[in-house]
Amino acid sequence: MTVDKGKISNMMIQFLKANVLGEGVEIVGTTPFQEIGIDSVTVIELVMHIDDEFGIDIPPNDLTEENMSSIDTLADCAMRFVPAGGDNS
């Protein structure tokens, strides 16, 4: 499976809607996590889900506030660590 930012973003949005966000809470890539009550523990769950789904291991040193502020920033960070060829199979 080829990995791209859109696939990572969509997976995170679906995960949050299914497991975290209340009914009717909308989220787009640029929505600040803090604005919708997403805390650092939930962001770490997203990071682990990215690893499980796509085989992307984000190093702890890259889990900064800047990289973990929204779907877009976390997806951008993850894309820097996509395994060679963008394929986890």
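Everything quoted here is computed from the prediction, not taken from an experiment.
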Worksheet item: With sequence neighbours excluded, what pairs up with S9 under the side chain to side chain donor-acceptor pair (under 3.5 Å) test?
Response: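 Counting only residues at least two positions away or on another chain, S9 forms no side chain to side chain donor-acceptor pair (under 3.5 Å).
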Fill in: Results of side chain to side chain donor-acceptor pair (under 3.5 Å) for S40 - residues two or more places apart only
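So S40 forms no side chain to side chain donor-acceptor pair (under 3.5 Å) with any residue.
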Discussion item. How close do P83 and G55 get, counting heavy atoms only, and between which atoms?
Written reply: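 In terms of heavy atoms, the two residues are closest at CG-O, 3.5 Å.
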Practice prompt. List the atom of V28, the atom of I71, and the distance in Å for their closest heavy-atom pair.
Written response: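 Residues V28 and I71, closest heavy atoms: O-CG1, 4.3 Å.
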Would you compute the distance between atom [atom1] of [X] and atom [atom2] of [Y] and round it to the nearest 0.5 angstrom?
X	Y	atom1	atom2	value
L21	T31	CG	OG1	9.5 Å
D72	C77	CG	SG	12.5 Å
M11	F54	CE	CZ	5.0 Å
M48	I58	CE	CD1	12.0 Å
L74	I8	CG	CD1	8.5 Å

Worksheet entry | By salt bridge (Lys or Arg N to Asp or Glu O under 4.0 Å) - contacts of D76 (at least two apart) |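 So D76 forms a salt bridge (Lys or Arg N to Asp or Glu O under 4.0 Å) with K5.
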Discussion item. Holding to salt bridge (Lys or Arg N to Asp or Glu O under 4.0 Å), I want the full list of residues that pass it with K17, two or more places apart in sequence or in another chain.
Written reply: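 Here no residue qualifies.
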Worksheet entry | Qualifying salt bridge (charged side-chain N to carboxylate O under 4.0 Å, His left out) pairs with a residue from residues 56-69, counting only residues at least two apart or across chains |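 Non-adjacent pairs meeting salt bridge (charged side-chain N to carboxylate O under 4.0 Å, His left out): D62-R80.
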Worksheet item: Tell me, which pairs form a salt bridge (charged side-chain N to carboxylate O under 4.0 Å, His left out) where one or both residues lie in residues 22-47, sequence neighbours left out?
Response: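 Pairs touching residues 22-47 that pass the test: none.
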Discussion item. Assess the residue pair D51 and I56 against the criterion (side chain to side chain contact (heavy atoms under 4.5 Å, CB included)); give the C-alpha distance rounded to whole Å, side-chain angles, the decisive distance to 0.1 Å, and a yes or no.
Written reply: CA-CA 5 Å; D51 188 17; I56 299 171; 5.6 Å; no
Practice prompt. Kindly determine whether M68 and T73 satisfy side chain to side chain contact (heavy atoms under 4.5 Å, CB included), including the steps that lead there.
Written response: CA-CA 6 Å; M68 299 184 346; T73 60; 5.7 Å; no
Worksheet item: Who passes ring pair (Phe, Tyr, Trp, His ring centres under 6.0 Å) against F33, sequence neighbours left out?
Response: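 Ring pair (Phe, Tyr, Trp, His ring centres under 6.0 Å) list for F33, sorted by chain: empty.
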Worksheet item: Going by heavy atoms in the side chains, are L16 and T42 under 4.5 Å from each other?
Response: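 Yes. Closest side-chain heavy atoms under 4.5 Å.
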Worksheet item: Going by the ring-ring contact (aromatic ring centres under 6.0 Å, His included) test, which pairs reach into residues 5-30, not counting sequence neighbours?
Response: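 Those involving residues 5-30 are F15-H49.
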